[in-house]
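Take a look at the structure below.
All of these numbers come straight from a predicted model, not from anything done at the bench.
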Amino acid sequence: MLDRLAELAELRRLAGDGPDPDATTRQHARGKLTARERIDLLLDKGSFNELEPLRRHRATGFGLEDRRPHTDGVVTGWGTVGNRTVFVYAHDFRIFGGALGEAHAEKIHKIMDMAAAAGAPLVSLNDGAGARIQEGVTALAGYGGIFKRNTRSSGVIPQISVMLGPCAGGAAYSPALTDFVFMVRDTSQMFITGPDVVAAVTGEEVGQNDLGGADVHATVSGVAHFVHDDERTCLEDVRFLLSLLPQNNRETPPVAPTDDPPDRRCAALLDLVPVDGNQPYDMRQVIEEITDDGQFMEIHERWATNVIVAIGRLEGHAAGFVANQPRSLAGVLDIHASEKAARFVQFCDAFNIPLVTLIDVPGFLPGVGQEHGGIIRHGAKLLYAYCNATVPRISLVLRKAYGGAYIVMDSRSVGADISYVWPTNEIAVMGAEGAANVIFRRQIAAADDADETRARLVRQYKNELVHPYYAAERGLVDDVIDPVDTRTALIRALRMLRTKHADLPERKHGNPPQ
């Protein structure tokens, strides 16, 4: 028995160290941690339980028969984050460059099935060179099994992809199917076709980072939700995100104790938000003033910056915030902002996270590019997401809410449970100046003093249709609140809505605009 135990210990040591003694040194020289080092940073200390550490591939030919390292290049198992179960798999770049083969894929399939059955989040630590060429179509089939499981678990358990190395070809579709993608600058890249293929087909010369690096995906493509300078801070943020999320779609997010009083007055909001609707301000400061201890986690911070999506807490309970950002494009909605907000709304609805929508929107971005790019189709995605959401929904108009953008931003008419406005709100089809120019164009054109006539008619339109209490008088908003009472009003409304139950019509699934 002692001999057998010694043999087992040696096998486990080899599985941890990798087949090449210098492989770890080379991995560190690239500025990257090993698979197990990453898992140790992600999970609570000592909580990791590894599955199939002695698994090896069965392939023959092309030199593989003489290279059969344990783990087959992926470490899988479960542990805890904040004492809650989390499943994880991590590519080991030291073995076959983390490339996926049949046994490798089967290990991932197994851990994905276990996560779904246990109802716990799944985190993938990606650092692989794609499909293992020597194993041919069986490697490709392995990716198909991953994609199928990503899709089946979508909206059932949180799925987080952490990009810590290369991810090319079909392998990139698994992260794209998950809820959140983290990337690390300089060491992680994602693309369907690499620089060599791009150069051969299109003649464009481009480096890996310029083609699919972290900053590109954070600002241009919108593929990456979070970007970090190093792996340690990246994995710390993954832990923080998990602390805000429920284990699955049947639970609510965990409640965190807070010393921030629920009835705290937010006097700073009076100075943060200018009364003049044309003056910009930073909506992040509004969210910071409202949330517990000013803490929240912004998602897609550098993409589609004219809308903010974030998760914060109110009275210890997680809440999703969707807000126009007047500092970027005056807070208008465009194609990318609509897509960004729509997917976030869908995520919050899937995982029982209440929605708070902060509105200060002048409309949709006009222009040929937007119309030809399908702003109707993309704007409808946000409308569909809100109309379909059954979680508690509270909307608040801070200043202006014009046209179709007002309706789309979770207005009362599309199902907001509670709709508040500040006394500075202007809800209308369009701004008073534009409306007067349309309605009274003939009177203005015929007047001897056109400027004075226009100004008078603008005042008339404002007084009759755009004054702060017009919508409240018609029951289209529930109350006009003092800005300093915003936090208190939101918390009281969310308390009331915690037992909300809403039924959707029986159907297989809807057909959202694409």
Side-chain angles (χ1 to χ4, degrees), residues 27-28 30-43 73-76 81 86-100 104-105 108 111-112 121-131 143 146-147 149-150 154 158-195 206-242 297 299-303 343:
Q27 180 78 347
H28 289 163
R30 297 184 185 101
K32 301 195 295 184
L33 300 174
T34 66
R36 286 186 172 79
E37 287 172 340
R38 291 162 173 166
I39 290 172
D40 287 343
L41 287 175
L42 172 67
L43 301 178
V74 64
V75 180
T76 63
V81 173
V86 172
F87 288 82
V88 61
Y89 69 87
H91 299 297
D92 192 338
F93 195 80
R94 302 172 304 168
I95 298 175
F96 299 128
L100 180 140
H104 184 121
I108 295 175
I111 206 68
M112 295 180 80
L122 174 71
V123 179
S124 63
L125 305 179
N126 298 268
D127 186 7
Y143 275 122
I146 292 173
F147 303 157
R149 288 166 173 83
N150 283 140
S154 180
Q159 298 180 84
I160 299 174
S161 297
V162 188
M163 315 311 296
L164 302 169
C167 185
Y173 283 116
S174 177
L177 289 168
T178 60
D179 299 305
F180 299 103
V181 175
F182 287 74
M183 294 189 74
V184 175
R185 286 187 179 90
D186 299 326
T187 58
S188 64
Q189 301 88 27
M190 298 174 66
F191 35 69
I192 299 300
T193 53
V206 62
Q208 287 194 353
N209 283 320
D210 291 333
L211 179 63
D215 288 316
V216 168
H217 286 310
T219 61
V220 181
S221 72
V223 171
H225 299 80
F226 305 95
V227 171
H228 295 82
D229 291 325
D230 60 83
E231 295 188 15
R232 293 180 184 275
T233 55
C234 177
L235 293 170
E236 285 175 7
D237 258 13
V238 174
R239 286 177 58 90
F240 180 58
L241 176 60
L242 286 167
M297 189 171 197
I299 299 158
H300 265 149
E301 181 179 353
R302 299 170 59 204
W303 182 64
R343 192 162 193 272

Separation between NE2 of His228 and OG1 of Thr187, rounded to the nearest 0.5 Å: 12.5 Å
Glu231 vs Leu41, side-chain contact (heavy atoms from CB on, under 4.5 Å): CA-CA, chis, key distance, verdict: CA-CA 9 Å; Glu231 295 188 15; Leu41 287 175; 5.6 Å; no
Note, Phe191 side chain near Gln208 side chain (heavy atom, < 4.5 Å): yes
Side chain proximity check, Leu122 to Ile160, heavy atoms < 4.5 angstrom: no
Minimum side-chain heavy-atom gap Leu164-Phe182 below 4.5 Å: no
Close side-chain approach of Leu100 to Ile108, heavy-atom, < 4.5 Å: yes
Ile192 to Ala172 - nearest heavy-atom pair and separation: CD1-CB, 4.1 Å
Criterion side-chain contact (heavy atoms from CB on, under 4.5 Å) on Asp215 and Arg185, from CA distance to verdict: CA-CA 7 Å; Asp215 288 316; Arg185 286 187 179 90; 2.9 Å; yes
Single hit among Ser154, Ser161, Ser124 for side-chain hydrogen bond (donor to acceptor under 3.5 Å, both in side chains) with Thr178: Ser161
Note, Leu125 side chain near Leu235 side chain (heavy atom, < 4.5 Å): yes
Interatomic spacing from CD in Gln189 to CG in Leu211 - rounded to 0.5 Å: 9.5 Å
Other residues, nucleotides, ligands: >12 heavy atoms within 6.0 Å of Arg232 CZ: no
Flag, side chain of Gln159 to backbone of Leu177, donor-acceptor distance under 3.5 Å: no
Distance, nearest 0.5 Å, that separates CG of Asp186 from NZ of Lys32: 12.0 Å
Check ion pair Arg94-Asp92 (N to O, under 4.0 angstrom): yes
Side chain proximity check, Pro121 to Phe87, heavy atoms < 4.5 angstrom: no
Parallel, tilted or perpendicular: rings of Tyr89 and His91 (30°, 60°): perpendicular
From CA spacing to verdict: side-chain contact (heavy atoms from CB on, under 4.5 Å), Val223, Trp303: CA-CA 9 Å; Val223 171; Trp303 182 64; over 6 Å; no
CZ on Arg302 to NE2 on His217, rounded to 0.5 Å: 12.5 Å
Minimum heavy-atom distance His28-Thr34, with the two atoms named: NE2-CG2, 4.1 Å
Backbone N/O of Asp179 and side chain of Arg343: donor-acceptor pair under 3.5 Å: yes
Separation between CZ of Phe226 and CE of Met163, rounded to the nearest 0.5 Å: 15.0 Å
Asp210 to Val216 - nearest heavy-atom pair and separation: O-CG2, 3.4 Å
Nearest atoms (heavy-atom pairs only) where Phe147 meets Ser174: CE2-N, 3.5 Å
Side-chain heavy-atom pair Val181, Met190 within 4.5 angstrom cut-off: yes
Donor-acceptor contact below 3.5 Å, side chain Gln27 vs main chain Leu33: yes
Working for side-chain contact (heavy atoms from CB on, under 4.5 Å), residues Val81 and Leu43: CA-CA 5 Å; Val81 173; Leu43 301 178; 3.9 Å; yes
Between CG on residue Asn209 and OG on residue Ser188, distance to nearest 0.5 Å: 8.0 Å
Close side-chain approach of Leu242 to Val123, heavy-atom, < 4.5 Å: yes
